[in-house]
Amino acid sequence: MAQIQLRKLAHARSGDKGSHANIGLIAKQPAFYEILQREVTTERVATHFDEICDGEVSRYELPKLSAFNFFLRDALDGGGTVTLRIDAQGKTYSAALLRMMIEVSEQELKLVNG
Amino acid sequence: MAQIQLRKLAHARSGDKGSHANIGLIAKQPAFYEILQREVTTERVATHFDEICDGEVSRYELPKLSAFNFFLRDALDGGGTVTLRIDAQGKTYSAALLRMMIEVSEQELKLVNG
Amino acid sequence: MKTIRIGNGQAFWGDSALAPLLQVRHGELDYLMLDYLAEVTMSIMQKMRARDPEQGYARDFVPLMENLLPEILDRGVKVVANAGGVNPLACARAVMEVAEKLGLADRVKVGVVSGDDIMGNVDHILEAGERLANMETNAPLTDVRDQLASANAYFGAFPIAEALAQGADIVITGRCTDASLAVGPLIHEFGWQPDDWDLLSAATIAGHVIECGAQTTGGNCMADWEQVEDMAHIGYPIAEFSEDGSFVVTKPEQMGGRVNVASVTEQLLYEIGDPNEYKTADVICDFTTIELEQIGPNRVRVSQIKGKPAPDYFKVSMSYAGGYKTTGTLVYGWPDAVKKAQAADRIVRKRLDDLNLNFDTIHTEILGANACHGSALSGPPDEDIAEVQLRIGVRGSDKKSIRRFTHEIAPLVCNGPPNVTGYFGGRSRVEEVIAYWPALMDKQYAEPLVTLFGE
Amino acid sequence: MKTIRIGNGQAFWGDSALAPLLQVRHGELDYLMLDYLAEVTMSIMQKMRARDPEQGYARDFVPLMENLLPEILDRGVKVVANAGGVNPLACARAVMEVAEKLGLADRVKVGVVSGDDIMGNVDHILEAGERLANMETNAPLTDVRDQLASANAYFGAFPIAEALAQGADIVITGRCTDASLAVGPLIHEFGWQPDDWDLLSAATIAGHVIECGAQTTGGNCMADWEQVEDMAHIGYPIAEFSEDGSFVVTKPEQMGGRVNVASVTEQLLYEIGDPNEYKTADVICDFTTIELEQIGPNRVRVSQIKGKPAPDYFKVSMSYAGGYKTTGTLVYGWPDAVKKAQAADRIVRKRLDDLNLNFDTIHTEILGANACHGSALSGPPDEDIAEVQLRIGVRGSDKKSIRRFTHEIAPLVCNGPPNVTGYFGGRSRVEEVIAYWPALMDKQYAEPLVTLFGE
């Protein structure tokens with residue numbers, strides 16, 4: 001087993017919906033989709049964003065796009081016009097998710113490293 | 001001989017005079033004054049501040065205070081109200097000077113490391 | 001097979017002033033879609049209209065039309081824009097003035113979609129039994145009724161199609177779902193009915209993909225961003241929509257940027273909730289069946305889109321006065337920049353304590369160390385960092401406390417940790433917080449109104 | 001031996017609002033000295049007076065006096081402040097109004113030193129043969145005569161002593177050398193003559209040491225800054241001046257901070273040129289003979305000060321309209337934050353090139369990497385930095401170009417590198433540059449005028 005950073009396997013984009021944020025997480029290759037599905041669980045994302053997100057996290061699957069949508073409730077200190085955060089609309093939360101360390105098998109590691 | 005950073009031997013304060021800046025450099029102990037006198041020359045300071053200072057550098061000695069005053073002409077992109085620099089009044093130039101690496105003998109090094 | 005080319009030339013109020021011009025010139029467009037309205041924008045426009053009853057729309061749209069008008073008339077490109085903000089009729093009047101100034105008034109028809117502003121009817125709607133509860137908290141609107149500043153229904157695309165059917169060359173709307181700006185022209189061109197769910201869903205997704213401008217063509221894209229070509233001259237996106245309900249995302253060939261599956265996927269997922277049920281006034285879209293295919297350089301085909309019957313309510317976007325806030329900043333330089341900023345923060349908080357002020361929140365960020373992702377995710381800061389910016393924000397309902405806070409930043413320059421700068425803007429401005437109140441409302445309570453200018 | 005205690009309670013306009021109060025309460029003062037005028041401040045006040053002829057002084061001084069007046073009268077503390085800015089008479093009128101409101105008008109005399117404003121005489125002075133050449137560039141004033149916004153002579157301390165001799169409890173000045181605010185009381189108390197060079201020099205240096213407030217008592221001090229005690233409640237400095245021309249620097253015992261040789265030395269060297277010849281209107285000071293001695297906890301004795309005859313000219317501080325400037329900012333987040341900011345900078349510069357705009361300077365800084373000390377000194381940036389702030393500034397005489405630049409920042413949010421935020425302030429404000437023109441002028445061309453209010 002090996003620990004690697006999520007950004008090796010995926011890219012992402014994030015934004016706001018009122019006081020919630022969403023992060024679209026996209027596998028760099030369709031073959032990585034299952035690794036993301038296993039590793040980037042709702043629970044792990046909620047823990048990862050503990051300091052930022054005050055509400056629940058939901059995960060939605062979009063296998064045809066090799067992607068997931070994460071919905072983070074109350075993750076913007078009240079939303080775009082209310083918040084005191086510099087990232088008022090969660091535009092950098094995409095990268096925050098990609099900081100996550102995930103566990104992959106040696107075989108998967110080879111796949112990722114191409 | 002050894003290379004050490006000036007901040008080991010000195011502290012400093014800086015500010016503006018119109019479009020010029022000054023830096024007061026003060027030996028942490030009177031015994032360091034002569035090292036500063038030898039190492040922190042007008043020429044070396046001018047080279048050190050090449051990117052920041054467009055004019056001449058002058059050095060003034062204040063041995064009774066174990067200190068020097070450096071006067072940097074045209075070092076503020078036009079001065080406090082004109083400049084586009086975040087450090088409009090050169091308040092952090094003191095620390096910039098303390099980045100300088102200077103050369104000391106082994107004996108002096110012992111003195112500095114106390 | 002008939003195709004219609006819709007290009008986006010503006011992703012938000014403040015986007016590139018040149019983009020619409022270049023899109024018209026190089027995009028071979030049938031329609032130019034311009035999106036000016038973020039949720040944040042509506043509250044800004046509200047403040048503008050409060051100061052001047054002839055304002056409250058995206059002012060930049062008027063000089064833009066002055067530049068574009070001759071060219072769009074010559075090329076036969078129609079414009080659909082939500083530039084109307086909270087005052088679409090005033091916006092249309094200003095555009096007609098420009099047309100007259102250019103001697104083109106007899107060649108231009110401007111259609112306006114209004115009626116989304118339900119501010120005057122809120123009490124009636126509440127009395128009729130709608131709670132207008134906050135979708136996020138479920139609190140009833142009565143909680144903030146007295147502070148309410150604006151209330152607008154998110155209309156769909158049919159009123160836009162109606163304006164085009166009446167002959168409008170330019171359609172100006174107030175609040176409508178962003179994607180409608182693309183869906184309206186497609187309804188008009190293809191003659192769709194309100195229950196063409198799959199087609200309406202496909203058109204909505206086409207609108208969603210292009211509504212954020214260059215975010216689809218390589219801008220703000222994490223996938224291989226360094227490989228995006230000539231970002232300085234990035235082309236804005238075009239949806240080439242076929243009558244079969246598929247579309248191709250592309251950009252003007254002559255311009256920079258990159259349209260590939262990665263950038264289109266990032267944008268598909270931008271600002272959505274449940275991808276099985278993306279709701280607009282006209283349809284519920286399903287994102288999970290979408291298929292993407294790179295069919296040529298900078299051409300991505302989007303197909304297999306399904307839709308479900310529209311909800312029987314409008315989403316309503318309301319704003320209300322929610323107190324005050326301000327953020328004070330200082331820059332601390334090397335060495336030990338983070339330590340100094342932290343010490344300064346502790347000093348300010350102690351002094352605020354002594355003053356017995358009243359805040360709902362005090363929030364500190366150290367830019368360079370933990371501002372975007374917080375301390376836990378950002379990891380230990382670089383001890384040798386060149387400088388950081390300390391940002392202390394306060395929010396609350398007591399304006400005096402917020403104002404008093406603004407006096408506590410500058411003194412640190414002489415009475416706090418050393419090597420401090422970046423304080424030349426003076427005391428920070430106390431801002432009124434305009435908070436956002438999203439709700440649902442039965443469609444009977446708002447009626448789109450189409451008006452034509454220039455007949 | 002007679003000693004006089006002068007405390008500083010304000011280092012600049014915007015310094016701690018509580019400091020003067022605490023200094024009066026705990027400092028056992030004879031005089032409270034308040035410094036409001038940086039060079040930058042004069043140009044801000046100039047703009048204020050242009051908008052309203054009853055403004056142009058440090059407004060905060062008036063509510064401060066409202067708070068302090070009963071206490072300073074009870075304790076017999078006199079106040080000397082350059083709060084008058086470019087409108088000392090208006091400032092004095094406002095203070096007298098406050099005294100009346102408090103029912104203390106019959107117990108207060110306010111002395112005003114004016115006459116430093118030579119704006120109305122500039123042409124006369126030029127015709128009389130003075131060049132008023134820029135001390136920094138030697139260019140003649142005629143180069144910027146048409147853009148001239150203000151012209152003030154730096155007066156010395158004798159007019160302040162005169163106001164005190166006339167019985168003033170509060171002395172309000174316009175432009176004078178900062179140290180004069182301390183020298184004036186000492187002249188008055190000790191009865192010095194204009195040729196008491198050593199004493200005037202010592203008093204000037206005492207004023208210089210305390211004029212920047214807490215910078216003498218552990219604030220903004222690089223020497224062991226982490227060891228400074230209770231910086232949240234830092235005491236402001238006091239000079240305890242003896243008739244022999246030595247003085248002790250100290251602070252109120254009850255308060256935090258630290259007075260030691262290191263902090264006093266840093267402040268001695270603050271904003272000086274040639275230490276052999278520090279010139280004011282009253283004397284030329286020599287800093288090279290000064291001796292410092294720690295004579296007790298938070299007590300540093302300053303002695304052995306020498307002075308030389310005063311110059312026969314006044315320094316004149318002038319300001320003129322020098323074009324326009326603005327700075328646009330964006331925040332780029334991890335990963336590769338610096339690379340993204342650099343790419344964005346290249347994009348903006350290319351777009352500005354395309355627009356054919358006219359700037360004197362375009363200046364880019366990346367806060368977190370090179371903003372304070374430049375790239376060469378800051379060294380390679382941390383590749384893993386949490387975020388940086390990109391700051392692009394432009395300056396020039398063509399206002400349209402500067403304004404057009406402000407439209408080029410926000411678009412990067414969607415059409416530039418990814419993970420960008422921090423753009424919610426809207427377009428940056430175009431500022432008029434008020435530039436500074438220091439010159440020398442024969443003393444005959446300006447006459448200090450002392451006026452007493454409240455008799």
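Residue numbers begin at 1 in each chain, while the letters A, B, ... track the order of the sequences.
C:Lys339 NZ: 12 or fewer foreign heavy atoms inside a 6.0 Å radius. Counting heavy-atom neighbours within 6.0 Å of B:Glu51 CD, excluding the residue itself, gives a total above 12. Enclosure of atom CZ in C:Arg349 by more than 12 non-hydrogen atoms of other residues, nucleotides or ligands within 6.0 angstrom is indicated.
Taking OH of C:Tyr423 as the start and CG of B:Asp87 as the end, the distance is 7.5 Å to the nearest 0.5 Å. To the nearest 0.5 Å, atom CH2 of residue C:Trp334 and atom OG1 of residue B:Thr92 are 10.5 Å apart. Note that CD1 of B:Ile86 and CD of C:Glu387 are 8.0 Å apart. Values are rounded to the nearest 0.5 Å.
Of all heavy-atom pairs spanning B:Lys91 and C:Asn419, the tightest one is O-ND2, 4.2 Å.
With sequence neighbours excluded, no residue satisfies salt bridge (charged side-chain N to carboxylate O under 4.0 Å, His left out) with B:Arg7.
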